Amino acid sequence: MTTAKRGEITVFLSLIFLLMLSLLTSLLQSVQIQNAKSETHAVMTLATESVFAEYQKELFERYDLFVIDSTYEGVYENNEGILQRLSYYGGGRTNCEVQKIRYLSDNNAKAMLGQIDTYMRQKYGLSQGERIDIESKDSAESLQIENWIRREEQKGEQLQGKWEADVRAAEAIIGKESLEEEENPLSGMEKLNTPFLLELILGKEEEIPKGNISKNEPPSLRHLQSGYGTFQEVKEPSKMFLGEYIEEHFDSFISQRDGAPLQCEMEYLLEGKESDQENLQKIAEKLLLLRMASNYLCLIGDEERKAEARMMAAAICTLLLLPELTEAAVNFLIVLWSFGESIMDLRVLFRGGKVALQKTKEQWQLTLSSLFRMGKGEWDNPAADDTEGISYTQYLKVCLLMEEKGMLAKRMLDIMELNMRMEKGCEFFRVDACVTALQVRCNSVFSKGITYTYPCTYQYQ
């Protein structure tokens with residue numbers, strides 16, 4: 001007798017096995033795809049970092065700034081060079097397109113200011129909390145210095161107006177034809193005006209720098225390409241930190257480099273004129289006002305020198321039969337004497353010496369008799385240096401506190417581009433082609449048409 005056997009269990013187990021095998025195959029394929037995604041993402045992240053490792057060496061050596069030259073020495077345009085380098089480092093298996101980009105010149109060079117802040121913080125070994133304390137102190141000190149400068153400039157402008165009024169009143173003395181030039185000590189004073197200020201300070205033998213920025217189209221005067229997209233905000237340096245960076249990386253009249261296209265760089269940052277001579281002239285006028293205010297206060301507090309000026313004015317007006325102009329002549333002499341002492345101070349500053357911020361009568365240098373030779377030739381007594389005073393560079397740093405950081409940053413870019421082109425031989429260099437942050441959208445295609453899209457981002461801090 002034959003017994004029949006049923007196979008339901010065998011068929012069920014076979015179906016379960018097929019389902020498990022299918023699930024296992026799907027899981028393995030999913031793991032393979034995820035592994036491929038992770039590997040591809042890691043490769044492209046490394047490729048992005050490799051591209052940013054190819055920073056512009058000459059700019060870093062000169063200014064301690066990190067950027068990518070997106071033109072790759074003028075070979076590429078529209079960031080094609082960056083995309084080609086990404087493809088090369090990524091093995092050519094991923095297509096990339098720029099999603100966000102930031103150039104060095106964007107938003108008044110905020111990226112540059114952010115790198116300057118990082119550089120200065122690292123230079124002084126400051127932590128985040130310490131930097132906040134430094135910035136609070138800097139802000140308070142900056143405000144005090146700015147207020148002092150404004151007060152001194154206002155005093156200097158008032159003295160300049162007073163001098164002009166006294167000159168008009170004393171024109172009868174200066175231009176009196178009844179006396180020979182040798183008999184009138186005030187003759188020649190009309191030659192002392194601002195166009196000849198540099199000649200008075202430097203002398204006829206000293207060569208005035210002849211650098212000029214107008215021969216090249218600076219970034220501040222041309223249309224720049226702009227980046228797009230937003231990145232992590234950067235921290236701008238305090239004004240004190242920015243002044244320290246500028247002193248370290250930019251030259252001035254007393255630290256000029258031979259052969260530099262623009263020798264008075266700090267002066268350009270402050271004044272923005274085309275030529276070294278114009279910038280130096282403006283700085284000299286500004287420092288003259290500051291020194292005149294200080295010297296005038298010192299002189300009117302010195303009763304001995306005031307009496308000397310009064311005696312001289314009375315003698316001159318009596319000799320000219322113009323006693324009614326005695327008081328005007330006294331005022332004119334005092335202001336003129338302050339001017340002459342300020343010229344002496346600027347002579348010290350422009351040769352790299354120091355001058356006391358607020359002089360005492362013992363520190364006064366110019367005699368009244370020497371003052372009368374000011375418009376006729378060289379003075380006999382040389383200007384003395386005060387080792388505990390303020391230097392020319394320190395005066396410039398003080399003046400930098402008065403300037404808006406965005407304007408300073410634009411002019412810094414002008415000088416950087418000029419020096420890179422003229423001194424470093426990088427004729428292709430443009431600040432608006434220097435990339436500081438980048439985000440690309442990557443598209444990778446795997447087997448069976450599976451596509452993986454992801455971003456890769458990097459920025460210099």
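Everything numeric in this text was worked out from a predicted model, so none of it was measured. We're numbering straight along the sequence, starting at 1. Because only heavy atoms are used, hydrogens play no part in the values below, and waters and symmetry mates are left out as well, while side chains stay in.
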*Asks:* Please check: side-chain N/O of Asn95 versus main-chain N/O of Asn443, any donor-acceptor pairing under 3.5 Å?
*Replies:* no
*Asks:* So do Cys434 and Gln56 actually touch side chain to side chain, heavy atoms under 4.5 Å?
*Replies:* no
*Asks:* If you round to the nearest 0.5 Å, how far is CE of Met112 from CG of Asp117?
*Replies:* 12.5 Å
*Asks:* On the 0 to 90° scale, with breaks at 30° and 60°, tag the Phe52-Tyr458 ring pair as parallel, tilted or perpendicular.
*Replies:* tilted
*Asks:* How long is the span from the CD atom in Glu97 to the CG atom in Leu86, to the nearest 0.5 Å?
*Replies:* 12.0 Å
*Asks:* Checking the side chain of Ser255 only, and the main-chain atoms of Asp251 only, is there a donor and an acceptor separated by less than 3.5 Å?
*Replies:* no
*Asks:* Take atom OH in Tyr88; do more than 12 heavy atoms of anything else shown fall under 6.0 Å from it?
*Replies:* no
*Asks:* Would you call the rings of Phe250 and Tyr63 parallel, tilted or perpendicular, taking 30° and 60° as the class edges?
*Replies:* tilted
*Asks:* Would a distance-only check, ignoring hydrogens and angles, find a side-chain to backbone donor-acceptor pair under 3.5 Å from Ser87 to Leu83?
*Replies:* no
*Asks:* Is the shortest heavy-atom distance from the side chain of Tyr395 to the side chain of Leu357 under 4.5 Å?
*Replies:* yes
*Asks:* Salt bridge check, Arg62 against Glu58: does any charged N sit closer than 4.0 Å to a carboxylate O?
*Replies:* no
*Asks:* Quick one, Thr360 and Cys298 - any side-chain contact, counting heavy atoms below 4.5 Å?
*Replies:* no
*Asks:* Is there a donor-acceptor pair closer than 3.5 Å between any side-chain N or O of Thr118 and the backbone N or O of Gly114?
*Replies:* yes
*Asks:* Which of parallel (below 30°), tilted (30 to 60°) and perpendicular (above 60°) describes Tyr245 and His249?
*Replies:* parallel
*Asks:* Is the count of non-hydrogen atoms from other residues, nucleotides or ligands lying under 6.0 Å from Gln256 atom CD greater than 12?
*Replies:* yes
*Asks:* Using a cut-off of 6.0 Å, state whether more than 12 heavy atoms not belonging to Glu77 lie near its atom CD.
*Replies:* no
*Asks:* Using a 4.5 Å cut-off on heavy atoms from C-beta on, say whether the side chain of Leu197 contacts that of Ile343.
*Replies:* yes
*Asks:* Name the one of Arg347, Arg291, Lys359 that satisfies salt bridge (Lys or Arg N to Asp or Glu O under 4.0 Å) with Glu341?
*Replies:* Lys359
*Asks:* Hey, is the main chain of Leu270 close enough, under 3.5 Å, to the side chain of Arg411 for a donor-acceptor pair?
*Replies:* yes
*Asks:* Under 3.5 Å, is there a donor-acceptor pair between the side chain of Gln263 and the main chain of Asp276?
*Replies:* no
*Asks:* Taking NZ in Lys57 as the centre, count heavy atoms belonging to other residues, nucleotides or ligands within less than 6.0 Å. Is the count above 12?
*Replies:* no
*Asks:* Got Val98 and Leu438 here, is their nearest side-chain heavy-atom distance under 4.5 Å?
*Replies:* yes
*Asks:* Say whether, by atom type as modelled, one donor and one acceptor occur between the side chain of Asp69 and the main chain of Glu73 under 3.5 angstrom.
*Replies:* yes
*Asks:* Which atoms form the tightest heavy-atom contact between Glu267 and Ile283, and what is the distance?
*Replies:* CG-CG1, 3.7 Å
*Asks:* Give a yes or no answer on whether the side chain of Lys100 reaches the backbone of Gln439 with a donor-acceptor pair at less than 3.5 Å.
*Replies:* no
*Asks:* Is there a donor-acceptor contact under 3.5 Å from the side chain of Asp106 to the main chain of Gly227?
*Replies:* yes
*Asks:* Parallel, tilted or perpendicular: which fits the ring planes of Phe350 and Phe253, with parallel below 30° and perpendicular above 60°?
*Replies:* tilted
*Asks:* Kindly indicate whether the side chain of Tyr72, heavy atoms from C-beta on, has any atom under 4.5 Å from the side chain of Ile82.
*Replies:* yes
*Asks:* In the structure I gave you, are the side-chain heavy atoms of Ile116 and Asp64 within less than 4.5 Å of one another anywhere?
*Replies:* no
*Asks:* Can you confirm whether the side chains of Ser105 and Asp432 place a donor and an acceptor under 3.5 Å from each other?
*Replies:* no
*Asks:* For Lys410, does the NZ atom have more than 12 heavy-atom neighbours from other residues, nucleotides or ligands under 6.0 Å away?
*Replies:* no
*Asks:* Sequence neighbours left out, what passes side chain to side chain contact (heavy atoms under 4.5 Å, CB included) with Glu278? Give chain and number order.
*Replies:* Lys273, Glu274, Ser275
*Asks:* For residues Asn419 and Pro261, report the shortest heavy-atom separation together with the two atoms involved.
*Replies:* OD1-CG, 3.3 Å
*Asks:* Is a side-chain donor or acceptor of Trp364 paired with a backbone partner of Leu366 at a separation under 3.5 angstrom?
*Replies:* yes
*Asks:* What distance do Leu287 atom CG and Leu396 atom CG have between them, rounded to the nearest 0.5 Å?
*Replies:* 6.5 Å
*Asks:* Answer yes or no: is there an ion pair linking Glu265 with Arg257, defined by an N-O contact shorter than 4.0 Å?
*Replies:* yes
*Asks:* What are the two closest non-hydrogen atoms of Ser338 and Leu299, and how far apart are they?
*Replies:* OG-CD2, 3.7 Å
*Asks:* Between the side chains of Tyr103 and Ser70, does any donor sit under 3.5 Å from an acceptor?
*Replies:* no
*Asks:* Verify whether one side chain among Glu285 and Gln281 offers a donor that lies under 3.5 Å from an acceptor in the other.
*Replies:* yes
*Asks:* I need the minimum non-hydrogen distance between Ala284 and Leu346, along with the two atoms involved.
*Replies:* O-CD2, 3.5 Å
*Asks:* Taking all non-hydrogen atoms of both residues into account, name the closest pair between Ala111 and Arg102 and its distance.
*Replies:* CB-NE, 3.9 Å
*Asks:* Is the shortest side-chain heavy-atom distance between Arg430 and Arg222 below 4.5 Å?
*Replies:* yes
*Asks:* I need the Ile415 CD1 to Met266 CE distance, nearest 0.5 Å.
*Replies:* 10.0 Å
*Asks:* For Lys282, does the NZ atom sit with more than 12 other heavy atoms under 6.0 Å from it, leaving out its own atoms?
*Replies:* no
*Asks:* Measuring from atom OH of Tyr452 to atom CE of Met44, what distance do you get when rounded to the nearest 0.5 angstrom?
*Replies:* 11.5 Å
*Asks:* Which heavy atom in Glu217 sits nearest to a heavy atom in Leu221, and how many Å separate them?
*Replies:* OE2-O, 4.1 Å
